[in-house]
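What follows is a single structure, written as structure tokens, with notes after it.
Quick caveat: nothing in here was measured; it's all calculated off a predicted structure.
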Amino acid sequence: MGLDMKYFQEMEEKIPKGKVRTRFAPSPTGYMHVGNLRTALYTWLIARHAGGTFILRIEDTDQTRQVEGATEVIYRTMAECGLDHDEGPDVGGPVAPYIQTERRDTYGKYAQLLVEKGHAYYCFCEKTESEEDSGDFNRGPDPCRSLSPEAIQAKLDAGAPYVIRQKIPQEGTTTFHDAIFGDITVENKTLDDQVLIKRDGLPTYNFANVVDDHLMGITHVVRGSEYLSSAPKYDLLYQAFGWDVPTYVHCSPVMRDAQNKMSKRHGDPSYEDLKDQGYLTQAILNYVALLGWSPRGEIAEQEIFTLEELAKVFDLAGMSKSPAIFDIEKLNHFNAHYLRAMEPDQFAKVAEPYIRQVVTNPDIDAAEIAALLQARCEKLTEIPEKVDFFQELPEYDKDLFVNKKSKSTEASSIDALELVIPMLELSTSWNTEYIHGSLTGLAEGLGVKNARILWPVRIAAAGKAVTPGGAAEICHILGKEETVRRLKLGLEKLTH
């Protein structure tokens with residue numbers, strides 16, 4: 001079973017060296033959950049902070065979990081988030097291909113190399129994949145570990161199906177180092193002889209990512225802490241090949257609460273879900289960056305970071321061993337900040353689709369409504385219920401005219417509307433300043449507080465107790481004719 005060593009030598013010569021190289025290697029399984037997005041972000045930040053190379057690799061060896069269109073979701077999410085990659089399936093690079101199923105022959109050769117080195121073996125035993133996945137199978141020595149070369153060759157010649165397994169040392173310990181958790185030592189007898197090549201000839205995730213990380217020159221491997229238990233087996237693979245071990249960065253989990261990890265199965269949101277719920281990409285990224293990492297030194301108290309600022313200050317020393325709890329109220333806080341920091345025309349552009357869900361009248365200016373909303377909403381999805389009254393006056397109870405703070409009663413509201421309606425009907429100008437001046441001028445003339453006039457006008461115009469904008473802004477946007485019509489309806493409601 002002699003192998004052509006020239007092949008392996010040529011592969012080694014292709015490996016880029018000399019600078020930081022990181023990779024984000026998602027499986028195309030349908031969506032980008034928050035933990036995945038955080039891994040992508042941290043991986044990108046490590047590369048950008050060091051002036052290194054960021055690689056996108058698609059790990060599609062588990063064909064059973066693939067979802068149609070999922071790869072496009074990955075590309076779209078990365079692009080929206082500004083996490084640009086220097087090498088990948090769509091842009092190529094010196095160590096292409098960057099899709100695992102297109103590297104199939106490579107894994108088989110490296111598995112055979114391990115067999116020749118005595119660190120892997122052909123296993124012809126019948127074990128179902130579900131047994132492998134659950135770890136419920138008998139951990140006793142696999143009889144195939146000790147098959148003679150002749151017995152193995154006979155089975156191969158007979159076409160017997162097989163997997164290739166890693167041959168884990170049965171004695172001693174393995175110690176690996178993680179940038180966050182430090183040195184971790186495990187007893188080798190607690191590790192199973194994991195499958196490297198499956199019966200269909202495709203590699204397992206655990207084997208493919210080690211081979212690919214080495215051949216792509218990856219210097220830092222970022223993944224979830226759930227992979228800590230697999231790290232000793234990865235280390236043993238690196239040692240078996242005689243390769244340098246990359247820097248491991250195992251991120252603590254993102255939790256829904258103190259007991260439960262976030263999970264799509266439990267309805268926890270993906271990046272796409274959060275976008276659909278009205279959160280801005282910048283707010284999501286900023287918040288996700290702080291789920292497990294904290295700035296230090298002079299910027300220890302800073303919360304708001306652009307992607308460029310994060311790339312400058314991100315360091316592994318700021319990462320936490322403790323799980324991070326996903327707090328939707330904290331995300332609301334970040335989102336409100338980003339919405340309010342937008343240029344008015346930029347906010348109007350992102351708000352318009354939400355405004356037009358309920359305000360379809362083309363005579364009503366969506367940008368003017370947006371100007372009222374910018375300082376008053378935390379999420380874009382709140383917009384429709386805040387502004388639906390512009391399209392159509394809702395049903396409301398005349399009790400809304402009564403307000404203790406404004407000293408507004410039904411009687412005072414009747415008096416106010418009886419004076420305001422003819423005044424507005426006769427107005428020759430119709431802008432916010434004019435309307436506001438007219439209403440406050442009337443209050444001054446009557447010797448009453450402004451609210452005694454403004455409250456009933458706003459209630460009659462909007463039919464709601466809480467509105468974005470005051471009476472003058474609402475009347476201006478509605479237009480003179482519609483405003484007068486609504487005020488007359490309010491007066492009628494009060495007097496009948």
Rounded distance (nearest 0.5 Å) linking atom CG of D276 with atom CG of L380 = 11.5 Å
query = In terms of ring plane angle, is the pair F314 and Y42 parallel, tilted or perpendicular, where the classes change at 30° and 60°?
reply = tilted
remark   = In this structure, CG of L373 is separated from CD1 of I355 (nearest 0.5 Å) by 5.5 Å
inquiry  = Checking H476 against N431: is there a side-chain donor and acceptor pair closer than 3.5 Å?
reply    = no
Lys/Arg-Asp/Glu bridge criterion (N-O < 4.0 Å) met for K493, D399 = no
CA sep, side-chain torsions, deciding dist, call: Y338, N286, side chain to side chain contact (heavy atoms under 4.5 Å, CB included) = CA-CA 10 Å; Y338 278 94; N286 193 155; 2.6 Å; yes
request  = Let me see the working for Y248 and H250 under ring pair (Phe, Tyr, Trp, His ring centres under 6.0 Å), right down to the final yes or no.
outcome  = CA-CA 6 Å; Y248 295 141; H250 286 89; 5.8 Å; yes
Other residues, nucleotides, ligands: >12 heavy atoms within 6.0 Å of K449 NZ = no
ask   = Can a salt bridge be assigned to the pair E87 and R21 using a cut-off of 4.0 Å between side-chain N and carboxylate O?
value = yes
ask   = Should the ring pair F326 and Y287 be called parallel, tilted or perpendicular, given that the plane angle runs from 0 to 90° and is split at 30 and 60?
value = perpendicular
task = Evaluate whether atom CD of E444 has more than 12 neighbouring non-hydrogen atoms of other residues, nucleotides or ligands under 6.0 angstrom away.
result = no
Whether Y205 and Y227 hold their rings parallel, tilted or perpendicular, with breakpoints at 30° and 60° = tilted
query = Going by atom types only, do H333 and E303 share a side-chain donor-acceptor pair under 3.5 Å?
reply = yes
